[in-house]
Amino acid sequence: MGGPDEQADSFAEQAASESVEQESVEAQWKNAEKKVYSENFGKGAGPEWSHRTVSRTPKGERKFLGPFSEQEVTLNLAGLPDHDEVEVQLELFVLKSWDGNDTTKGPDRWVASVDDGPVLLDATFSNDDAPFDARYEQSYPKPYLQGSHPGLTGASMKGKLGYQDESGYGSKGDAIYPLSFTFRHTGDRLTLRFADPPRGEANEQWGLDSVKVKVRKKKGGDLLVSNNVNSSVLRYDGKTGDFVGVFIPPGAGGLNNPQELVYGPDGNLYIASFASREVLRFNGKTGAFIDIFVPVGSGGLGFPGGLIFGPDGNLYVADSFGGTNSVLRYDGTTGAFIDVFASGGGLLVPQKMAFDKKGNLFVVSIIGNNVVRYDENGAPFPAAGQPGAIFIPDIDAVTIAIRKDHKLYVGTTAGDDVLRFNAKTGAFIDVFVESGSGGLTDFVDMEFGPDGNLYIPDFLPATVLRFSGKTGDFIDVFVPAGSGGGANAATLTFMPSKRHKPHGHDAN
């Protein structure tokens, strides 16, 4: 819910500038490019409204939807463009004797909600304009039972519509409240519900005007986190960290012990299913299982660990145990085995991988206790003075990432920290995330998100910690322990957005 005080001036100016006698009803999706529904009820209400009563105010003869009393009114919109969230703006007319939190005559509540979605507002309103009287306080702008404010708090207009005060205790006869709500929504249909629940006395009325609905795609995608206790993938809001839902149900498609989540160029999600020894493909938007993209044993695959799509659009799989002990390459469209792309040179049990801008591949060598590098053809490409393919020696690395700053970020197990190196030379730069910062204790994955910050799933507490992408300082616990039933959070990735390429732990 938007703050009423910040919006009051703009809504008042808008209301004054809009013509009362609108030439035509602005209904449904007038401009699909802007994704806007707009209605001022100049010539009535369209069929999208469950109640189509339109009245004029006593003063100014301003048209609005209503009045209503102890009624529910719905707005039904269909054929919405593809979107992730909805913004609703409207003006609420609070008419006649609203008594706020008073339990004898009220409480006088007004509720806005979304079918299969959140309650946008459940608050009391009061038209009491006398010196503050606690009997007639209102909850708004707080929810009912959570606020105690003088009547008319947050109203942009008071007593301007010509309704008479019927309370007998010094009230205004009307008030206008500009309201704004933004919430998650993805379907092509939307139903909004507005109602004033039954109360002690029903001599209050309300109406609506200047109703606007906008849909938009979020700039940053949602966060997906593996739940390794039951082999599922959970979805969290990419901006707030709030639990959204189960993206991939436990064991879907044979998923067993997910080791890496990565989006492909086709927009679908690929998962290294370690225990089933396969790479599985899921619909990147819905989480529905599509197919086994790389089957058991393909190209000699033992147990898939890390996954990454390369600059060539093909899928690279770290064959971590019981197989070839190498990086295998598969056709990015069909999943067919192409070749053993990289092996040897100090590579022992490969895990996480990252590409730099020139197509060089960096791989964490778990048993080798090093990070190795291969050129765009898979040939060993060590740092100066190092043998084989060794880029960073003697380091207990578990995960890596490369950013546009051309720095290599390495997560370690011994220090529970993140170290930063020059991605061209391998020279140590600094400790980017200090040991144990934010409670960091046990992790095997990390990723820079669409906002540029670093996200790390802490395995045993099953949290996701967020660190500044500029300084490495701890910001917050982005996903708290147990949120959505999460447990043993091993890996994560962000759903694709225009600003975030779906190629895993490569330069971003």
Side-chain angles (χ1 to χ4, degrees), residues 32 35 77-86 114-118 182-191 215-273 276 278-295 307 309 313 315 332-335 447 449-450 455 457 464 479 483-486 489-504:
K35 305 179 181 66
L77 299 176
L80 278 64
D82 187 31
H83 63 283
D84 296 309
E85 61 185 19
V86 172
V114 183
D115 275 12
D116 299 320
T182 299
F183 54 92
R184 292 187 50 81
H185 187 274
T186 57
D188 63 351
R189 292 178 176 273
L190 173 67
T191 297
V215 301
R216 55 176 169 261
K217 296 288 290 183
K218 291 171 58 178
K219 293 182 179 180
D222 281 346
L223 174 67
L224 302 180
V225 182
S226 69
N227 180 344
N228 278 39
V229 168
N230 64 6
S231 294
S232 65
V233 177
L234 306 180
R235 181 175 180 176
Y236 299 88
D237 188 283
K239 291 183 178 179
T240 66
D242 293 336
F243 177 66
V244 175
V246 176
F247 188 68
I248 296 177
L255 183 62
N256 195 340
N257 191 3
Q259 288 294 298
E260 181 86 277
L261 314 176
V262 61
Y263 272 86
D266 60 358
N268 290 317
L269 179 67
Y270 295 75
I271 304 182
S273 181
S276 69
E278 302 162 325
V279 177
L280 307 179
R281 177 165 56 174
F282 298 83
N283 185 291
K285 293 182 178 180
T286 67
F289 175 67
I290 297 176
D291 58 14
I292 298 173
F293 191 71
V294 177
L307 302 178
F309 280 88
L315 176 65
T333 301
T334 67
E447 183 167 336
Y455 293 77
V464 176
V479 176
S483 175
T491 58
L492 54 73
T493 194
F494 282 87
M495 300 180 75
S497 66
K498 293 181 180 180
R499 296 184 300 164
H500 195 233
K501 297 180 180 180
H503 297 310

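All residue numbers refer to positions in the sequence shown, counting from 1.
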Checking the side chain of [X] only, and the main-chain atoms of [Y] only, is there a donor and an acceptor separated by less than 3.5 Å?
| X | Y | result |
| --- | --- | --- |
| D222 | G238 | yes |
| S232 | P249 | no |
| Y236 | V464 | no |
| N227 | V233 | no |

Please report the closest heavy-atom contact between [X] and [Y], naming both atoms and the distance.
| X | Y | result |
| --- | --- | --- |
| K239 | D237 | N-OD1, 2.7 Å |
| T493 | L223 | O-CD1, 3.6 Å |
| G284 | N268 | N-OD1, 3.2 Å |
| G313 | P265 | O-CG, 4.3 Å |
| P457 | A489 | CB-O, 3.6 Å |

Spatial distance of atom [atom1] ([X]) from atom [atom2] ([Y]) [nearest 0.5 Å]:
| X | Y | atom1 | atom2 | result |
| --- | --- | --- | --- | --- |
| H185 | D115 | NE2 | CG | 9.0 Å |
| F247 | L234 | CZ | CG | 11.5 Å |
| N228 | L255 | CG | CG | 8.5 Å |
| I290 | D266 | CD1 | CG | 7.0 Å |
| Q259 | L307 | CD | CG | 9.5 Å |
| S276 | N257 | OG | CG | 9.0 Å |

State, with a plain yes or no, whether a side-chain heavy atom of [X] is found less than 4.5 Å away from one of [Y].
| X | Y | result |
| --- | --- | --- |
| I248 | I271 | yes |
| H83 | L190 | no |
| R216 | T182 | yes |

ring-ring contact (aromatic ring centres under 6.0 Å, His included), paired with F309, selected from Y263, F293, Y270: Y270

Apply side-chain contact (heavy atoms from CB on, under 4.5 Å) to residues K285 and D82 and explain how you reach the verdict. CA-CA 11 Å; K285 293 182 178 180; D82 187 31; 4.0 Å; yes

